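Bear in mind that the values here come from a model prediction, so they are computed numbers and not experimental data.
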Amino acid sequence: MLVGVPKEIKAQEYRVGLTPSSVREYVAAGHGVLVEQGAGNGIGASDEVYQRAGASIAPSAADVFCRAEMIVKVKEPQPQEWQQLREGQILFTYLHLAPDREQAEGLLRSGCTAVAYETVTDDHGGLPLLAPMSEVAGRLSIEAAGSALKKPAGGPGLLIGGVPGVEPARIVVIGGGIVGTHAARMAVGLGAEVSILDRSLPRLRQLDEMFAGRVRTRFSTFETIDHEIATADVVIGAVLIPGASAPKLVTRPMLKSMKKGAVIVDVAIDQGGCFETSHPTTHDHPTFEVDGVIHYCVANMPGAVPVTSSHALNNATLRFGLVLASEGLAGIRRDAHLRDGLNIHRGKVTCEAVAKSLELPYQPPLEALAL
């Protein structure tokens, strides 16, 4: 199969769908790889490096989309990209369709087969292709909060870890999954006072043991959230419902109880955000203020550290990508975890959570693949 890698065009996105190391693996498996000129510049990988790995270099994205049988990306396709997709072509990338009806309709019209990294599963019920970026985003969320708390950035002028004799920042993490765990790990390491909220008692017990009493764990209810955010300097939104829109756990009226200059980092913004007042921002303009509360809602946080992110992502996606390249639709039929990743196929929504969020008809993957 000919696998295409276009350059990412979302604002401030420097990651790349395939690293040179991954290209070598595809070529060794007998596939051709077509990389758009300059696609790897963000990670310091020149066209010559890709050619040494066995790739061919395409002069434009249009050439990649026209010739390739499978497109491997990082971020969701932008309008000019989904307009170039076609029936019979496989798209393998992050999609985050639940809050993005325009993209979903564009993919449906294209007739392509779209497999979303964020809903591919593993034998343990995890999301192995979402996990590496969740790790990166969780860690970055604390760095972002630390920057937003500084006076020159419009914050109150607070150091996360404090100093001897001066109390540290109080950080509340809503969600105890991968994002929340890595955010808490970074915050604890800096010396912050940290609380983690989650609705799973088994997970709260795991977190309590993991952090050996260095964080407070609380069962998440609206009352608990209300109580915790009232004294927080930073609130990290780390909630995930696979494939679906994030629940709005902090409403605008709840902001009135928060400190002026407090910082919200909504890591769930790709799925619509878990704060009612959130809307996507970019690395160019990462924050905005509502009712005196600073919001950081960058929708591609890991794009700021593309070398780390691209390699971490490729480590996770490689084995699934090779199955798609070698077996195509047969691989999706055979592999239940890839079927979970199938969001769109030939004009049908094949992810139930996406269909429900967008109020579109749903067709089970195996039924859609049989047509």
Side-chain angles (χ1 to χ4, degrees), residues 1-5 17-19 21-34 54 64-65 67-74 76-77 82 85-98 104 107-108 110-134 240-244 312-356 360-371:
M1 181 179 286
L2 182 60
V3 178
V5 184
L18 292 182
T19 61
S21 175
S22 290
V23 168
R24 288 188 65 182
E25 297 294 326
Y26 277 83
V27 172
H31 306 293
V33 181
L34 184 64
V64 173
F65 279 93
R67 294 171 56 191
E69 299 164 88
M70 180 168 82
I71 300 293
V72 179
K73 283 177 42 62
V74 178
E76 71 279 358
W82 73 57
L85 293 166
R86 63 181 185 273
E87 187 170 342
Q89 197 170 46
I90 296 173
L91 172 66
F92 192 38
T93 189
Y94 286 116
L95 293 176
H96 299 293
L97 291 174
L107 294 178
L108 288 168
S110 76
C112 77
T113 297
V115 179
Y117 293 160
E118 71 271 12
T119 59
V120 173
T121 56
D122 61 22
D123 290 336
H124 309 290
L127 302 171
L129 309 192
L130 186 62
M133 295 304 93
S134 296
L240 173 70
I241 300 175
L313 180 60
N314 273 244
N315 290 344
T317 59
L318 179 62
R319 71 181 182 92
F320 292 99
L322 288 173
V323 170
L324 288 172
S326 296
E327 303 180 38
L329 299 184
I332 303 175
R333 294 188 191 97
R334 177 183 61 78
D335 189 320
H337 303 310
L338 274 174
R339 286 203 305 277
D340 288 337
L342 186 65
N343 279 209
I344 302 285
H345 178 62
R346 292 181 180 171
K348 304 293 183 182
V349 179
T350 53
C351 175
E352 190 169 9
V354 168
K356 184 176 180 180
L360 291 170
Y362 164 68
Q363 186 164 45
L366 284 176
E367 289 184 15
L369 290 165
L371 297 177

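Shown are Leu324, Val74, Leu129, Thr93; of these, the side chain to side chain contact (heavy atoms under 4.5 Å, CB included) with Thr317 is made only by Leu129. Evaluated for a side chain to side chain contact (heavy atoms under 4.5 Å, CB included) with Val33, the options Leu2, Val23, Val72 yield exactly one hit, Val23.
Considering only heavy atoms from C-beta on, Phe92 stays 4.5 Å or farther from Ile71 through its side chain. For the pair Leu313 and Met133, the minimum side-chain heavy-atom distance is below 4.5 Å. Taking 4.5 Å as the limit, some side-chain heavy atom of Val115 sits within range of a side-chain heavy atom of Val120. Here the side chains of Arg334 and Glu327 are in contact, with some heavy-atom distance below 4.5 Å. Considering only heavy atoms from C-beta on, Cys351 stays 4.5 Å or farther from Leu97 through its side chain. Side-chain contact between Ser326 and His31: present, with at least one pair of heavy atoms (C-beta onward) separated by less than 4.5 Å. Contact check for Phe320 versus Pro128: side-chain heavy atoms found under the 4.5 Å cut-off. In this structure the side chain of Glu25 reaches within 4.5 angstrom of the side chain of Leu318, judged on heavy atoms.
Residues that satisfy the side chain to side chain donor-acceptor pair (under 3.5 Å) test with Thr113, not counting sequence neighbours, are His345.
When only modelled atom types and interatomic distance are considered, Thr119 and Asn343 share a side-chain donor-acceptor pair under 3.5 Å.
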